[in-house]
There are 2 protein chains.
Amino acid sequence: MSEDKRQTSRRKTSAGSAELDLPEATVARLPEYLRALHALAEIGRDTVSSEDLAAAAGINAAKLRKDLSQLGSYGTRGVGYDVELLTSQISTVLGLTENRAVALVGIGNLGHALAGYAGFSPRGFRIAALFDIDEGRLGETIGGLLVRHVSEIADVVVTEGISIAMLTTPPHAAQPVADMLVEAGVTSILNFAPCVLSVPEGVDVRKVDLAIELQILSFHEHRKATARTATPESASPKTASVNPPPPSPATAPGIAFSDQAENA
Amino acid sequence: MSEDKRQTSRRKTSAGSAELDLPEATVARLPEYLRALHALAEIGRDTVSSEDLAAAAGINAAKLRKDLSQLGSYGTRGVGYDVELLTSQISTVLGLTENRAVALVGIGNLGHALAGYAGFSPRGFRIAALFDIDEGRLGETIGGLLVRHVSEIADVVVTEGISIAMLTTPPHAAQPVADMLVEAGVTSILNFAPCVLSVPEGVDVRKVDLAIELQILSFHEHRKATARTATPESASPKTASVNPPPPSPATAPGIAFSDQAENA
DNA sequence: AGGCGCTTGTGAACGCGTGCACAAATCGGG
DNA sequence: CCCGATTTGTGCACGCGTTCACAAGCGCCT
């Protein structure tokens, strides 16, 4: 994400906790593998081939094997991967062994929804504090959690041991709030505000901008539309795209896709 | 996103609407440029250098120039880019000249928030229909919009001319709903459910998984933490990362970063 | 009119990520 | 004990994306 390229160039510290620097692309896929593994465990699978796991994660099998090998993973040739072991391995690498406390700043429309979202806790996170600047929201409790004033960030972040924060304020408030969070000791921010954040080195920022996602889709829509009018004879060949045949599992072998929805 | 690599390999159709196939990475950045341009226009700038615009978008200047050049853009050497012209260009390429109608399926915690989110309409989108399967929500209106039953998807998508849908259902419901949407003619889906969707060729799916974003941040937290304990002498050199110096703009030249928060 | 400074646009090198294809390894059966 | 079926782990090549550095172009000032 950030421009930080330099690594400590450490590989595997002698013994204790294996320390390794994975390619960013691999890191971004590990959570998806983890989710797929949970789904597989829930339907009773105890081992998986790379082919099956890749299908469940929506990813190329070779890519998955390379990812897991870089992780120093313990698969068994001729058999596959042990679901439980691999789950544990990835969880450890991602630092999910402890439930991480997360702060949420900006209890507006979106913040309210995230505060009540049940999908975080089974995946390693616990929303430990809510903050807003609006006096009108301060008394409110959401899911048994009190909405505090942003001026309490410094105290609460320390006492709750928070290192990750989600930012759902209006864009004009995002930078000052980010400064407060960093000052308090937060070193990772998930930014939902449509603006660029400036943070000191050592702090990671990931951005989620829903309008941007839609605009990217819009581009492809635009391209598809103009391609359709430009070459109208291509409306029949094979990719009609509108009213396709029964949307059956036309994707991959292995796991039946109706099963994969079985996760929380 | 999907595995669809083959392009129509079309470049610039003779006259009318310029047709060009941009690299995916460029497409993903164009919306960010657009947002930065809006912010610049709001503070009165009518021309921008690639350096300034890149800073406002949080991106490398050379990358920005290459992106815009691929777009066939009209900058002026020695001066920069005309803000209004460039805004219009990018908007056209992204297909944002018309306000696109978007469907939202799954009016739960998150869906409710998105339905009320004010940030879509100024960026080219209009939420035109809400759907849910839960009887309890059917009567409800959000922002003057009625929550309909999913069985009405087929009708409403056609009459409203919807081609993009956002999916905020629980994961087990995502695939069947996606099938219904595709069947109705939707060709782009923004999926918030933590599961893999199987769609026919010609349909684009983008996934937004908030827990995954947190898990990626968690990895970096884990790495930073172990690096700190492994080499405790590095706690002083320069990147203390906790309680850093006054979080001043320690990032880049060009635009003062205190200005960039001024966008809507 | 001419020169100078500034900024764009792009050619070229580099590095990362992806995908193929195969050797190595493991299990089960005969 | 050996053999074949199966699946992992990886060396290698290719392509995309990023970055640098510079030539080309534009405006302004003298």
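Note that the structure is predicted; figures quoted are calculated from it, not measured. Letters A, B, ... are given to chains in the order of the sequence lines, protein chains preceding strands, and every chain is numbered from 1.
- Rounding to whole angstrom units, CD of residue A:Gln70 and C1' of C:dC16 are separated by 11 Å.
- Residues passing the side chain to side chain contact (heavy atoms under 4.5 Å, CB included) test with B:Thr87 are B:Leu34, B:Leu37, B:His38, B:Val83, B:Ser91, sequence neighbours excluded.
- Atom P of nucleotide D:dC12 and atom NZ of A:Lys63 are separated by 22 Å, given to the nearest angstrom.
- At whole-Å resolution of the value, CG in B:Asp21 and C1' in D:dG15 are 15 Å apart.
- The interatomic distance linking A:Leu64 (CG) with D:dT7 (P) rounds to 14 Å, in whole Å.
- Side-chain atoms of B:Glu84 never come within 3.5 Å of backbone atoms of B:Asp46 as a donor-acceptor pair (strictly under, hydrogens ignored).
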Fill in the blank from the handout: With sugar-phosphate taken as primed atoms, P, OP1 and OP2 and all else as base, the protein-contact string of nucleotides 24-30 of chain C at under 4.0 Å (heavy atoms; B, S, -) is BBBS---
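- What separates CD of A:Glu51 from P of D:dG9 is a distance of 14 Å, to the nearest Å.
- Here the P atom of nucleotide D:dT18 and the CD atom of A:Glu24 are 14 Å apart, to the nearest Å.
- Legend: residues meeting side chain to side chain donor-acceptor pair (under 3.5 Å) with B:Thr168, ordered by chain and number and at least two apart, are absent.
- Applying the side chain to side chain contact (heavy atoms under 4.5 Å, CB included) rule to A:Ser88 yields the partners A:Thr92; only residues at least two apart in sequence or on another chain are considered.
- Going from atom CG of A:Asp67 over to atom C1' of C:dC16 covers 13 Å, rounded to whole Å.
- Residues passing the side chain to side chain donor-acceptor pair (under 3.5 Å) test with B:Glu32, sequence neighbours excluded: A:Lys207, B:Arg35.
- Looking at residues two or more places apart in sequence or on another chain, you find a side chain to side chain donor-acceptor pair (under 3.5 Å) between B:Thr26 and B:Asp67, B:Gln70.
- Between A:Arg29 atom CZ and C:dG17 atom C1' there is a gap of 8 Å when expressed in whole angstrom units.
- Mapping A:Ala25 and B:Leu68 onto DNA chain C via the closest heavy atom, the residue that lands nearer the 5' end is B:Leu68.
- Out of D:dA21, D:dC20, D:dT8, the shortest distance to the side chain of B:Asn60 is found at D:dC20.
- Picking from C:dC20, C:dT18, C:dT10 the nucleotide with the shortest atom distance to the side chain of B:Ser69 gives C:dT10.
- Out of C:dG9, D:dC20, D:dG9, the shortest distance to the side chain of A:Arg65 is found at D:dG9.
- No contact: B:Thr26 has no heavy atom under 4.0 Å from any strand.
- When only modelled atom types and interatomic distance are considered, A:Glu221 and B:Thr187 share a side-chain donor-acceptor pair under 3.5 Å.
- Taking side-chain N and O atoms only, B:Tyr74 has no distance below 4.0 Å to OP1 or OP2 of D:dC26.
- Put simply, B:Lys66 has no side-chain N or O that comes within less than 4.0 Å of OP1 or OP2 on C:dG9.
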